[in-house]
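Comments concern the structure below.
Note on naming: letters A, B, ... go to the chains in the order of the sequence lines (proteins, then strands), and numbering restarts at 1 for each one.
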Amino acid sequence: MEDEDVFTYMVGGKAGEGVKKAGTAATDLFLDLGRESFQMNDYQSLIRGGHNFSVVSTSIREVYSHHMEADLIVNLDERSRKIHEEHLAEEGLMFYNLDDSEERDEGLGLPLDEMAKEYSKPDLIKGVAGIAVLAAYTGMDQKDLEDLIEKEYSRGVEENLSFAKEVYKEVEEKIDKTINLEKGKTDSTVLTGNESLSLGAAAGGLDMYIGYPMTPASSILHFFAAHKDDLRVMPIHPENEIAVANMAVGATVPGARVMVGSSGGGLALMEETISLAGMTEAPVLFVLSSRPGPSTGVPTYTEQGDLSFALNQGHGEFPLIVASPGSVKEAFFLSKEMLDLVWKYQTPGIFLTEKHLSESAKTLGLDLDFSDEDGLETKMADEDDDYKRYEKTEDGISALKFPPSKDLIKWNSYEHDELGYTTEDAETVKNMHDKRREKNETLILDLKDMNTVNEFGEGDAVIFTFGSTTLSVREALKFTDIEAKVVQPVFLKPFPIWELERYMDEEVIVVEQNSTGQLAKLLREKCGIKPKTVIRKYDGRPFGPRKLAEKLEGAIE
Amino acid sequence: MEDEDVFTYMVGGKAGEGVKKAGTAATDLFLDLGRESFQMNDYQSLIRGGHNFSVVSTSIREVYSHHMEADLIVNLDERSRKIHEEHLAEEGLMFYNLDDSEERDEGLGLPLDEMAKEYSKPDLIKGVAGIAVLAAYTGMDQKDLEDLIEKEYSRGVEENLSFAKEVYKEVEEKIDKTINLEKGKTDSTVLTGNESLSLGAAAGGLDMYIGYPMTPASSILHFFAAHKDDLRVMPIHPENEIAVANMAVGATVPGARVMVGSSGGGLALMEETISLAGMTEAPVLFVLSSRPGPSTGVPTYTEQGDLSFALNQGHGEFPLIVASPGSVKEAFFLSKEMLDLVWKYQTPGIFLTEKHLSESAKTLGLDLDFSDEDGLETKMADEDDDYKRYEKTEDGISALKFPPSKDLIKWNSYEHDELGYTTEDAETVKNMHDKRREKNETLILDLKDMNTVNEFGEGDAVIFTFGSTTLSVREALKFTDIEAKVVQPVFLKPFPIWELERYMDEEVIVVEQNSTGQLAKLLREKCGIKPKTVIRKYDGRPFGPRKLAEKLEGAIE
Amino acid sequence: MKLDESEVESEVENTWCIGCGNFGLLNSVKNAVKKLEDEGIGKDRLLISAGIGCHGKIFDYLNLSGLYSLHGRESVTIQGMKFANPNLKVMAFGGDGDAYGEGLAHLIFAAKRNADITMIIHNNGNYALTTGQKSPTSVQGFKGPSSPEGSVDEPINPLKVLLSSDAGFIARGYPGKMQHLTEVIVEAGDHQGFSLVDVLQPCVTFNDTYEKYNELVEVLDEPAETRKEAVELVEKEERLPIGVLYKEKMPVFNEKVYPEKNPVEDRMDEKERFEAVKKILDEKR
Amino acid sequence: MKLDESEVESEVENTWCIGCGNFGLLNSVKNAVKKLEDEGIGKDRLLISAGIGCHGKIFDYLNLSGLYSLHGRESVTIQGMKFANPNLKVMAFGGDGDAYGEGLAHLIFAAKRNADITMIIHNNGNYALTTGQKSPTSVQGFKGPSSPEGSVDEPINPLKVLLSSDAGFIARGYPGKMQHLTEVIVEAGDHQGFSLVDVLQPCVTFNDTYEKYNELVEVLDEPAETRKEAVELVEKEERLPIGVLYKEKMPVFNEKVYPEKNPVEDRMDEKERFEAVKKILDEKR
Ligand SMILES: Cc1ncc(C[n+]2csc(CCOP(=O)(O)OP(=O)(O)O)c2C)c(N)n1
Ligand SMILES: Cc1ncc(C[n+]2csc(CCOP(=O)(O)OP(=O)(O)O)c2C)c(N)n1
Ligand code: SF4
Ligand code: SF4
Ligand SMILES: [Mg+2]
Ligand SMILES: [Mg+2]
């Protein structure tokens with residue numbers, strides 16, 4: 001049942017040669033055809049040289065993941081050609097750089113270095129060849145190619161145009177067949193996960209974004225810095241992560257909706273402050289975009305090794321909300337929902353995602369009419385009330401009031417009484433513990449009315465997954481005959497046991513990207529689900545859907 | 001079946017009045033009688049004033065915990081008298097300060113302020129009255145009292161002697177009966193948990209202790225600073241906790257056995273470095289002494305709210321060893337054992353304890369002949385081997401070599417190859433994940449041969465507990481007719497499932513000091529044990545054994 | 001509790017040691033708050049924070065709104081408050097262990113970006129609340145429980161470090177001269193931009209410096225004209241000049257990075273936000 | 001791999017951009033290591049560390065033992081190594097984002113306690129490896145992805161801050177003058193106590209300063225005589241003096257705090273340890 005209408009384009013070369021740009025332009029080209037795409041960028045932790053590639057899979061149906069079997073591969077150097085040899089699909093075309101690689105029987109070579117030498121930035125310009133080859137191979141009009149390049153390569157557009165046309169012409173002459181890409185009906189946008197979650201937060205009323213660069217979360221900071229004036233979210237890049245987190249907590253006191261972001265190492269530095277947010281009841285949303293760990297790990301690759309880490313942040317006991325989106329689109333809605341939740345419950349939240357979702361781009365349509373979320377309003381104190389910051393209430397939630405105000409508003413990192421003054425009194429200590437625990441119980445009630453678990457498809461087999469791996473699983477299922485239901489817990493803390501317990505006696509397969517099977521453990525421990533098979537991958541690379549499909553078939557028969 | 005041979009002495013007053021000192025002197029007095037004791041010090045986060053008390057329970061049998069029903073209470077001020085009213089046992093004697101409290105029918109008052117005025121430090125000297133009252137009440141010879149004071153109050157001994165004698169005489173005259181304390185046979189030492197774990201680590205070959213002050217871990221730093229020359233453990237107090245942790249990791253490279261310590265907030269700041277230790281395979285032992293959280297919390301009180309926090313430290317996946325002693329004596333042996341383990345497995349370990357154990361003092365005998373622990377040796381490389389820091393081996397453990405050395409020895413926070421050079425290669429990334437996971441599997445095999453769970457007593461009822469709460473439970477059981485087995489997991493990660501699974505179908509009671517029942521959760525999740533009752537306390541105060549006994553009875557009938 | 005109906009000093013039991021320099025400091029702050037109020041900086045828009053230590057207890061002793069922060073982070077907490085709503089006035093209380101140790105880098109960067117905040121440092125030359133360990137400003141030879149034989153390190157000169165980090169307002173005060181300290185705090189509060197008052201705070205229990213300070217402290221009439229001269233002032237050990245040591249007006253961070261915008265007061269409404277998001281989506285099309 | 005049989009430069013693929021100032025720096029380090037070897041500081045007892053950034057990659061490019069540390073912590077890592085075994089020579093490579101940003105406080109305290117370490121800072125005025133964001137030493141107006149309209153902050157002057165923190169050895173070098181840089185690094189390595197070499201490192205991709213430095217750099221013949229003069233040297237903007245700017249010999253930390261003891265080399269054996277423990281237990285009796 002292979003889904004043959006997926007076309008995959010791959011472009012590889014050195015960092016600094018515009019490889020990712022070529023991938024983005026390709027996605028745009030497909031979008032012009034009304035086709036859906038998924039683009040994954042593989043790059044190393046270096047600025048120039050090495051080996052980068054971008055891979056875009058496109059179809060007239062929704063594509064959830066890139067494929068590693070490519071119909072056209074454009075290699076800007078010999079290293080790429082060698083690496084990607086194994087990725088060429090049957091009947092696919094291998095394009096290579098004749099100045100770096102020897103001439104071969106198969107595939108098509110052009111002397112790219114020689115051709116690029118004429119231009120002012122011979123390295124940087126090479127990437128546009130990738131898009132020219134694609135245009136020629138898919139029978140695109142030269143005019144359309146020119147339009148595309150004008151749109152995508154605004155810097156140095158003249159030279160890019162000229163170089164692209166040269167390559168286009170050569171390729172057009174030399175190939176014996178072109179591939180016809182069916183037109184689709186998509187009229188939507190292409191976003192990366194980080195762009196999507198940022199826009200969602202902005203739509204949800206974000207006032208400030210505070211960040212310190214760390215791959216793969218840096219692009220959130222860059223995004224808000226670039227859109228400071230139109231989105232009106234104040235971007236701040238302070239001296240380190242501890243400053244980031246504490247500035248965020250401070251900003252909530254006058255009522256700013258604030259989000260921060262980092263990867264594992266940076267979030268670890270914020271841990272003391274996450275606990276501070278729990279105690280002071282400061283609503284801060286922390287984005288944690290994972291890469292392979294531990295420690296510095298493999299900075300530009302992907303992994304889901306931080307699940308237990310995220311779920312257990314902070315010393316002491318306080319409500320913590322952790323959720324992870326299973327698609328680029330969900331990232332948009334979830335960041336808004338998480339903002340609402342941390343404000344309603346005045347407690348920290350972690351938006352967990354991974355490099356694969358953060359930095360991959362997908363075609364998607366967004367409808368900005370949020371579903372009715374009246375339940376998620378922030379409780380505000382009345383003007384005239386006798387204000388108590390930590391008033392004990394039935395649901396554990398105290399009303400907020402923001403300065404400037406004539407009321408005394410004291411937030412406190414020490415254990416405190418209702419007014420916010422420090423206490424060591426045994427009974428008050430106990431009561432405040434109860435208050436925070438009751439808040440968590442109310443939160444669980446709320447979650448029970450919300451969508452906390454996604455389910456896709458129907459079938460006897462049950463496949464559990466979470467975060468970006470959901471993408472790989474959904475795409476993989478297009479390539480097997482398996483009838484399966486995919487279950488993706490969106491909320492990971494509080495864990496939606498009420499939705500999942502019914503899978504206790506089912507034969508369950510878990511797919512995740514880490515080495516110890518953290519989701520499987522969670523399912524076992526929280527819901528008594530005993531997974532039959534746990535498919536893990538932990539080499540930093542996302543699953544390829546077709547290989548995953550084989551593994552799923554192996555696990556299910 | 002109340003165990004009436006426990007005598008409890010309590011002394012209360014302001015900080016700065018020598019209350020804790022009086023408790024310590026009392027413990028010493030009991031020791032001179034060959035009696036066992038347990039001393040708990042309750043103090044606030046302030047330097048002068050407020051309300052402090054010290055309570056010592058003593059018996060001719062081993063006493064596991066202080067009691068809150070006191071046979072003699074010495075109050076240096078009216079606030080103490082009021083607070084401790086409820087703690088007076090039937091037939092007990094209440095001593096109070098006539099200059100601060102009104103004269104009453106019951107109890108005995110002396111004008112302490114008036115009497116102390118004659119001395120150079122009228123506030124500080126008051127505490128010694130506590131010990132003088134005790135001496136008179138227990139019929140101690142004046143000569144013995146003098147000896148005791150000379151030993152315990154070396155600073156300003158003359159004045160203390162004189163004041164004590166004054167008080168002693170007055171009390172002797174005014175009371176109508178004295179209590180006779182039976183002599184016991186103990187000839188041992190009194191140590192706090194922090195002293196015990198420090199001495200154990202020193203015996204285990206500790207080379208350096210690095211710490212930044214934070215209650216209740218500060219006294220470890222103070223201990224090593226005071227014993228620098230005799231224990232030969234280099235003490236360092238750097239600028240902050242991040243420096244503490246990273247200095248420790250650096251110190252392991254040339255082979256120093258190093259321990260660091262803090263409470264929750266400080267450990268949180270070390271989290272990035274705990275993950276670094278996991279990746280570089282640096283054997284650092286972290287002492288985490290808990291206080292009520294979250295955040296700054298209640299700094300000088302006790303809680304077991306950091307269990308999940310300790311078990312899940314650090315982003316990414318690596319072996320982490322967490323263990324917690326159930327007695328002051330166990331603290332001694334466990335710190336040595338933990339040092340051996342982190343070195344054998346070249347990975348971080350957390351020695352989890354709480355204020356209650358850290359700062360309470362207990363009579364104990366120590367035998368320094370460690371049991372045979374040949375299995376816990378550090379694997380060292382041969383001189384001539386072709387050295388690879390991260391050589392892949394069957395058990396996941398690579399041999400160590402310390403500089404100065406003619407071999408290249410590279411430790412790396414990035415994912416790395418066997419030599420320690422940075423890698424992004426998919427296969428190497430996977431292999432190194434496997435190596436670390438295999439190390440964890442070997443560790444579990446080792447633990448299966450070790451004592452990872454303590455069991456006390458026999459009976460149908462099964463009571464689970466951990467850490468310092470073990471003390472409370474064991475003492476409580478002396479005051480009920482319940483026949484129960486107390487099960488205390490010493491190792492908390494890896495969790496000794498193999499020892500505990502057999503309790504799956506038993507009716508289990510869990511006793512712990514936190515508000516969410518973290519041990520109960522662990523038992524449920526890891527071993528399928530479904531506790532019938534979870535007895536929790538989370539007001540910062542340790543359990544009182546008699547009240548706990550009632551709760552246990554309530555839970556078991 | 002309504003701020004306008006309550007005293008500046010709260011009714012919380014004060015647990016500082018009798019004779020502690022913090023009492024004079026607290027009094028100066030109380031008076032300074034009143035003066036600032038007279039100037040139009042009402043208590044309704046004055047937010048405070050504090051680190052953890054004896055100094056931090058002032059948070060409880062003041063009936064002022066704010067957030068009792070972490071050890072060393074109060075300078076960041078108030079930056080967050082200020083950036084979120086530039087119409088607020090923010091002030092934090094730090095200790096020497098806290099602000100010059102655990103949180104030193106934050107001070108340096110707050111000075112560098114010229115965040116519009118006021119820091120009051122209770123500099124008592126030790127970690128008092130944790131029982132008197134050496135701190136970054138402890139003199140060499142200081143005996144505390146982590147340095148029983150005397151600290152081997154030279155003390156840091158925090159004001160010199162901050163002047164070298166382009167701090168725009170550096171002052172020193174002494175609780176023994178309460179009136180003067182009040183004025184210094186008011187002037188710091190009035191300064192637009194980063195301001196820091198280093199308070200020579202005797203700790204009678206662990207570091208009793210009253211005698212020394214009474215002898216060495218000297219009221220300065222005028223701030224130094226140049227940064228270099230200010231450095232010379234803070235290098236002096238034979239005398240300890242108190243007062244505003246240096247003052248320079250410079251553009252403040254929030255106005256540089258987000259001019260004329262107030263994140264919480266000038267919000268877009270939901271419709272505007274959606275429009276803004278849609279516009280970006282359209283550009284991506 | 002045996003150190004005496006291998007080159008100082010490793011065979012790991014070098015991924016710095018062509019033209020990067022780090023190449024000159026690497027060469028100077030290689031030559032300096034050889035010179036130090038000639039002086040008797042063998043590679044067997046020379047340990048290195050590095051932060052995370054383009055600069056940190058030098059860890060892989062050198063066949064020297066050590067630990068590749070965290071962003072900003074390499075100065076602490078090598079202090080740990082040194083304190084554990086004072087017979088080692090330790091050197092770390094940091095970046096401006098790393099050592100002057102995330103890890104600034106560690107440098108200040110290492111200087112203050114005069115830890116016997118050598119720091120080499122690849123100061124390229126940006127966070128290069130994370131794609132060129134502003135760093136603490138970025139000039140005002142610097143455009144990077146977190147400051148697309150230009151950074152609003154004044155740069156920090158790290159050498160001034162460190163001189164104000166009693167650093168005993170401060171130097172500056174320029175990879176464009178490789179021979180000179182080599183000598184500076186050797187002198188830093190020879191210095192007993194805290195030493196830091198700020199390397200003016202052009203980043204051709206995000207902050208190409210070759211032209212500027214070629215014009216402004218000026219070799220200094222002699223270090224400044226006084227700390228004050230050294231401060232004046234590092235304040236200069238019209239000219240950039242390179243060489244050893246200041247040098248002062250002071251007692252080093254490990255000898256002050258733990259004189260004549262080497263924690264890993266002068267250990268007690270098990271029996272002695274038990275005796276020591278027993279003695280303390282007896283005193284407690
Ligand atoms: C992260 C962290 N580390 C350590 C502590 C423990 N601690 C509380 S107060 C204090 C020192 C306070 O010294 P200083 O700031 O000088 O205040 P002082 O008590 O002298 O006013 C420390 C280390 C803490 N609360 N948080
Ligand atoms: C705790 C932490 N925060 C952030 C990062 C991400 N990071 C890696 S390199 C770098 C900046 C490097 O800048 P710099 O030190 O100047 O080195 P350069 O690349 O310029 O040589 C950052 C922020 C990290 N690795 N760790
Ligand atoms: S310990 Fe020192 S600083 Fe703290 S209250 Fe007492 S005198 Fe003041
Ligand atoms: S980005 Fe800059 S610092 Fe990094 S290698 Fe390239 S030129 Fe050098
Ligand atoms: Mg202090
Ligand atoms: Mg840099």
Side-chain angles (χ1 to χ4, degrees), chain B residues 14-17 20 43-52 79 121-124 194 209-229 235-244 261-266 268-269 291 293-300 359, chain C residues 12-20 22 50-54 56-57 59-60 67-74 95-106 124 126-136 138 142-153 156 203-207:
Chain B
K14 298 190 182 60
E17 290 181 339
K20 180 177 164 190
Y43 64 100
Q44 298 177 276
S45 184
L46 48 79
I47 300 298
R48 297 277 176 266
H51 172 67
N52 276 15
R79 185 194 300 212
K121 291 182 177 154
D123 279 338
L124 203 64
N194 279 354
Y209 181 82
I210 313 181
Y212 184 85
M214 187 160 197
T215 312
S218 308
S219 50
I220 308 173
L221 174 64
H222 303 168
F223 184 83
F224 284 116
H227 290 285
K228 184 174 73 164
D229 294 322
I236 310 183
H237 164 186
E239 63 271 25
N240 59 32
E241 287 88 350
I242 298 180
V244 165
S262 191
S263 192
L269 287 168
R291 59 198 217 185
S295 202
T296 312
V298 200
T300 57
E359 301 203 336
Chain C
V12 169
E13 179 186 354
N14 190 312
T15 58
W16 284 327
C17 311
I18 295 167
C20 176
N22 281 330
I52 305 301
C54 286
K57 296 187 173 208
F59 184 88
D60 283 326
L67 186 145
Y68 206 153
S69 182
L70 297 172
H71 179 50
R73 315 300 172 195
E74 67 283 0
D96 47 329
D98 166 86
Y100 298 153
E102 184 92 43
L104 181 59
H106 302 309
N124 58 13
N126 81 100
Y127 288 15
L129 189 59
T130 47
T131 69
Q133 296 89 351
K134 74 180 174 77
S135 88
S138 294
F142 178 85
K143 286 187 183 169
S146 69
S147 60
E149 299 168 4
S151 165
V152 301
D153 300 337
I156 207 170
C203 163
V204 291
T205 302
F206 299 115
N207 193 26

Sort [X] into side chain, backbone, both or neither according to what part of it lies under 4.5 angstrom from a heavy atom of chain C.
X        : result
B:Lys228 : side chain
B:Asp229 : side chain
B:Ile236 : neither

Which heavy atom in [X] sits nearest to a heavy atom in [Y], and how many Å separate them?
X        : Y        : value
B:Asn52  : B:Ala15  : ND2-CA, 3.7 Å
C:Ser146 : C:Gln133 : OG-CB, 3.7 Å
C:Gly150 : C:Lys143 : N-CG, 3.7 Å

Q.
If the condition is ring-ring contact (aromatic ring centres under 6.0 Å, His included), which residues does B:Tyr212 pass it with, not counting sequence neighbours?
A.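 Testing B:Tyr212 for ring-ring contact (aromatic ring centres under 6.0 Å, His included), a comparison that skips the adjacent residues, returns B:His237, C:His71, C:Tyr127.
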Structural part of [X] lying under 4.5 Å from a heavy atom of chain B:
X        : value
C:Ser151 : neither
C:Ile52  : side chain
C:Cys54  : side chain
C:Phe206 : side chain
C:Lys134 : both

Q) Should C:Glu74 and C:His106 be marked as a side-chain hydrogen bond (donor to acceptor under 3.5 Å, both in side chains) after you check the CA-CA gap, both sets of side-chain angles, and the distance that decides it? A) CA-CA 9 Å; C:Glu74 67 283 0; C:His106 302 309; over 6 Å; no
Q | Pairs of heavy atoms under 4.5 Å with chain C: top-ranked of B:Ile47, B:Thr300, B:Ile242 | A |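 Greatest number of close heavy-atom pairs with chain C: B:Ile47.
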Q. What option among B:Ser45, B:Gly49, B:Pro213 has the most heavy-atom pairs under 4.5 Å with chain C?
A.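 Among B:Ser45, B:Gly49, B:Pro213, the one with the most close pairs to chain C is B:Pro213.
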Q: Considering only NZ, NE, NH1 and NH2 on the basic side and carboxylate oxygens on the acidic side, decide whether B:Arg79 and C:Glu13 come within less than 4.0 Å.
A: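 Yes, B:Arg79 and C:Glu13 are salt-bridged.
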Q. Is the shortest heavy-atom distance from the side chain of C:Asp60 to the side chain of C:Tyr68 under 4.5 Å?
A.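 Touching, per the 4.5 Å side-chain cut-off.
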